[in-house]
Peer 1: 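Below is the structure I would like to discuss, written out as structure tokens.
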Amino acid sequence: MVNYGPSYGKLVVIVDVIDQNRALVDSPDMVRGAMNFKRLSLTDLKVDIPRMPKKNQLAAAIESADVYNKWANSSWGRKLIVQKKRASLNDFERFKVMVARVKRGALVKRELAKLKKEKA
Amino acid sequence: MGNFRFHQYQVVGRALPTATDEQPKIYRMKLWATNEVRAKSKFWYFLRKLKKVKKSHGQILAINEIFEKKPTTIKNYGIWVRYQSRTGYHNMYKEYRDTTLNGAVEQMYDEMASRHRVRAPCIQIIKTATVHSKLCKRENTKQFHDSTIKFPLTHHKIRPPTRKLKTTYKASRPNTFV
């Protein structure tokens with residue numbers, strides 16, 4: 001995953017290694033290019049490809065490894081989705097979130113009070 | 001992949017036709033410069049040293065920028081350089097692994113500046129070539145000629161994704177493993 005710069009959050013496949021600091025990186029929606037390792041964070045997802053696959057080979061391998069679904073279901077991926085959602089809320093939506101949190105807090109407190117009364 | 005300081009130009013020029021020589025020989029040079037104006041100037045500099053022609057009685061017929069044909073493949077570039085050090089002129093052969101020739105040339109300029117304190121005006125590129133991995137001479141490039149290459153990113157520092165999120169103090173020490 002790209003962890004810095006304009007492509008932050010994007011999932012790319014390391015296709016080859018240029019030298020100690022840079023890798024050739026590819027993704028179905030971008031032109032294959034070089035990226036510094038400093039901008040990349042390794043995820044657990046692996047894609048089975050030979051060293052320099054063709055674009056459609058890469059797309060097929062990504063499909064068979066089901067990368068995007070696995071990413072969206074992994075805890076790291078889910079966190080990123082939530083981050084993005086939070087950043088893109090407008091004021092009304094933030095108000096709605098606040099109301100929901102208050103409601104949830106009230107429910108929790110009510111249950112807690114009940115349990116305390118039973119205990120006492 | 002993007003902004004290069006040095007662009008590769010193809011400059012074609014010849015002496016102006018005179019009464020004695022109606023069809024002077026046309027010469028073509030491939031050279032690196034930061035812009036077209038500088039490329040034309042460099043062309044005359046080199047041509048003056050090789051042939052008896054100056055800018056004042058010559059003409060440039062064409063100048064085109066040369067772009068990388070396949071910037072998506074990694075190549076080993078060998079660059080032959082003539083540079084001026086504090087004590088005299090020397091020749092050097094350097095190898096770089098890069099996706100584009102312009103990138104390799106830029107690496108070369110950076111390395112010459114750092115390792116030998118040679119500034120860009122004192123460097124002349126004699127020749128460049130893509131070298132097949134079997135013919136590479138430098139261990140530094142040969143160590144990446146491994147199809148099953150593996151190396152750990154020791155001390156992998158993760159930066160905040162935007163400069164806005166940078167803080168001087170952090171609650172816990174970072175985890176730099178992988």
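Quick note on labels: first sequence line is chain A, next is B, and so on, each numbered from 1.
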Peer 1: For the atom pair CZ (B:R97) and CD (A:Q20), what is the distance rounded to the nearest 0.5 Å?
Peer 2: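 One gets 12.5 Å once the value is rounded to the nearest 0.5 Å.
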
Peer 1: Any chance CG of A:D44 has more than 12 other-residue heavy atoms, nucleotides or ligands included, within less than 6.0 Å?
Peer 2: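 At most 12 heavy atoms, drawn from other residues, nucleotides or ligands, come within 6.0 Å of this atom.
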
Peer 1: Between A:D19 and B:Y96, does a side-chain contact (heavy atoms from CB on, under 4.5 Å) hold up when you go through it step by step?
Peer 2: CA-CA 9 Å; A:D19 59 24; B:Y96 298 100; over 6 Å; no

Peer 1: Side chain of A:R22, backbone of B:D98: donor and acceptor closer than 3.5 Å?
Peer 2: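 The answer is no, because no donor-acceptor pair under 3.5 Å joins these two groups.
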
Peer 1: Is there a donor-acceptor contact under 3.5 Å from the side chain of B:H156 to the main chain of A:S41?
Peer 2: no

Peer 1: Distance check, rounded to the nearest 0.5 Å: A:D26 atom CG versus B:T72 atom OG1?
Peer 2: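 It comes to 8.5 Å.
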
Peer 1: More than 12 foreign heavy atoms under 6.0 Å from OH of A:Y68: is that the case here?
Peer 2: yes

Peer 1: Flag yes if more than 12 heavy atoms outside B:Q59 fall under 6.0 Å of its CD atom; otherwise flag no.
Peer 2: yes

Peer 1: Which answer fits A:V31, side chain, backbone, both or neither, if we ask what part of it has an atom under 4.5 Å from a heavy atom of chain B?
Peer 2: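 For A:V31, the side chain is the part near chain B, not the backbone.
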
Peer 1: Quick check on B:K42: does its NZ atom have over 12 non-hydrogen neighbours (other residues, nucleotides or ligands) under 6.0 Å away?
Peer 2: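 Buried by this count: over 12 neighbours within 6.0 Å.
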
Peer 1: Considering only heavy atoms, which portion of B:T73 lies under 4.5 Å from any heavy atom of chain A: side chain, backbone, both, or neither?
Peer 2: both

Peer 1: Measure the shortest side-chain to side-chain distance between B:F144 and A:I18 over non-hydrogen atoms and say whether it is less than 4.5 angstrom.
Peer 2: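 In short, these two side chains do not touch, never coming nearer than 4.5 Å.
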
Peer 1: Does B:R159 reach the side chain of A:R39, with side-chain heavy atoms less than 4.5 Å apart?
Peer 2: yes

Peer 1: Take atom CZ in B:R38; do more than 12 heavy atoms of anything else shown fall under 6.0 Å from it?
Peer 2: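 Incorrect, the count does not exceed 12.
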
Peer 1: At a 4.5 Å cut-off on heavy atoms, which part of B:I149 comes close to chain A: side chain, backbone, both, or neither?
Peer 2: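 Only the side chain of B:I149 comes within 4.5 Å of chain A.
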
